[in-house]
K.L.:
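First, the structure itself, so that you have it in front of you.
Not measured: the values here are computed from a predicted model. We use all heavy atoms of the structure for the numbers below, so side chains are in, but hydrogens, waters and symmetry mates are not.
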Amino acid sequence: MLRGRARRGREAHAGTGDDPLDAAQERRVRAVLALGGVPQADLPDGVQQVRLRLLERAASGREAPRDVSAWAAVVASNLAMDWHRAKRRQERLGERLAALRQLEHPSGEDSSVLSVAVAQGLDELPDAQRQVVVLRFYADLPVRSIAEQLGVPEGTVKSRLHTAVRALRARLHEDEVV
C-alpha cells in the first residue's frame, strides 16, 4: 500500500547522493513503522516515503525541520496510520463486493436497467462533477485525496459530490429506475 509512492520517491532520489536520513534516523523510522503495525515487507517503502517527504519539503523551499529525527518519526507514525486506514478501506470494499454478490435480483434485467441509467446520468453531469463522482465512488478515494489530486479545496470536492449525487438521484427517480 505504501509501494506506489515509494517508487516515485526512489526515482526522484536516484543519483543525488545525499540521503536526507542518516542511519540512526532510518532505524528510528523503521521502528516507528513496525510498532505502528506496518508489515516487514512494507518497511523499506515506508522509509522511502519519509525520505521523499523530506526531499519534497526541501524542494518546495521550506526549511528543513529543526529536529529531523523527530519530524521523521511523526511522518512515519502518520504513514502507519495511513496504512491501517487503507487496509480497513480495502476490507470494507471487499465486504461490500461480497454483499453485492449475495444480493439476489429478481432478474438480471433490473440491474442492467439501473446500470444503463446510472451511466447515462454520469454522461449528463458536467466534467468536474463526473470526475469527483468517479474518483469517490468508483476509485474509492477519500475526499482529501481527491482534493489534493485535483488541486482544489476539500469543500469544493464535497460541493461537487453533493450536487452530482443529487442530480443523479433526481435522474433515477425521473426515469423511475429507483
Side-chain angles (χ1 to χ4, degrees), residues 1-103 115 118 122 130-158 160-162 164-165:
M1 286 178 223
L2 299 172
R3 289 190 176 111
R5 289 181 278 177
R7 266 189 222 106
R8 288 191 298 272
R10 283 192 291 271
E11 292 164 3
H13 187 60
T16 63
D18 285 335
D19 191 343
L21 296 177
D22 64 28
Q25 292 165 336
E26 182 175 335
R27 282 191 304 275
R28 187 175 189 188
V29 165
R30 283 180 170 276
V32 169
L33 290 168
L35 290 170
V38 174
Q40 286 291 121
D42 285 340
L43 292 181
D45 293 328
V47 172
Q48 285 301 100
Q49 269 298 302
V50 173
R51 281 189 177 101
L52 176 63
R53 292 194 184 172
L54 191 57
L55 291 170
E56 286 173 340
R57 181 183 175 111
S60 70
R62 298 188 332 221
E63 62 185 64
R66 279 183 275 170
D67 185 351
V68 173
S69 185
W71 180 88
V74 169
V75 171
S77 176
N78 289 338
L79 285 172
M81 287 190 299
D82 290 347
W83 184 87
H84 283 289
R85 285 186 195 116
K87 183 179 175 189
R88 280 194 303 270
R89 191 169 37 251
Q90 284 182 338
E91 289 168 355
R92 285 192 311 267
L93 181 59
E95 291 167 2
R96 280 188 270 165
L97 289 173
L100 286 174
R101 285 186 203 114
Q102 293 173 356
L103 288 177
S115 295
V118 169
L122 281 172
R130 182 180 333 105
Q131 184 179 36
V132 296
V133 167
V134 169
L135 291 173
R136 179 67 189 103
F137 298 112
Y138 291 94
D140 200 32
L141 293 178
V143 170
R144 175 177 288 164
S145 295
I146 296 169
E148 289 171 1
Q149 294 300 315
L150 298 179
V152 298
E154 285 182 47
T156 300
V157 172
K158 290 177 184 178
R160 289 176 184 171
L161 275 172
H162 175 76
V165 169

K.L.:
Hey, what do you get for OG1 (Thr156) to CD1 (Ile146), rounding to the nearest 0.5 Å?
P.N.:
12.5 Å
K.L.:
Report, one line per pair, each donor and acceptor closer than 3.5 Å where one atom sits in a side chain of residues 26-39; sequence neighbours left out.
P.N.:
from: Glu26; atom 1: OE1; to: Arg51; atom 2: NH2; distance (Å): 2.6
from: Arg28; atom 1: NH1; to: Ser69; atom 2: OG; distance (Å): 2.8

K.L.:
With sequence neighbours left out, write down each residue that passes salt bridge (charged side-chain N to carboxylate O under 4.0 Å, His left out) with Glu154, or none if nothing qualifies.
P.N.:
Arg144
K.L.:
Quick one: pull up CD in Gln131 and CD in Gln149 and give me the separation to the nearest 0.5 Å.
P.N.:
10.5 Å
K.L.:
Just how far is it from atom CD of Gln49 to atom CG of Asp82, taken to the nearest 0.5 Å?
P.N.:
9.0 Å
K.L.:
Can you check whether Val132 reaches Leu150 side chain to side chain, under 4.5 Å on heavy atoms?
P.N.:
yes
K.L.:
Hey, could you give me the NE2/CD distance between His84 and Glu91, rounded to the nearest 0.5 Å?
P.N.:
10.5 Å
K.L.:
So Leu52 and Gln48, do their side chains get closer than 4.5 Å, heavy atoms only?
P.N.:
no
K.L.:
Which atom pair, heavy atoms only, marks the closest approach of Gly46 to Leu79?
P.N.:
O-CD1, 3.6 Å
K.L.:
Tell me, yes or no, whether the heavy-atom count around Glu63 atom CD, taken from other residues, nucleotides or ligands under 6.0 Å, exceeds 12.
P.N.:
no
K.L.:
State, yes or no, whether a side-chain contact exists between Val50 and Gln25 at a heavy-atom distance under 4.5 Å.
P.N.:
no
K.L.:
Return the minimal non-hydrogen interatomic distance between Pro20 and Val68, and the atom names on each side.
P.N.:
O-CG1, 4.2 Å
K.L.:
Using a 4.5 Å cut-off on heavy atoms from C-beta on, say whether the side chain of Pro142 contacts that of Arg89.
P.N.:
yes
K.L.:
Specify the closest pair of heavy atoms between Val165 and Phe137, including all atoms of both residues, with the distance to one decimal.
P.N.:
CG2-CE1, 3.9 Å
K.L.:
Quick check: closest heavy atoms across Arg57 and Trp71, and the distance to 0.1 Å?
P.N.:
NH1-NE1, 3.5 Å
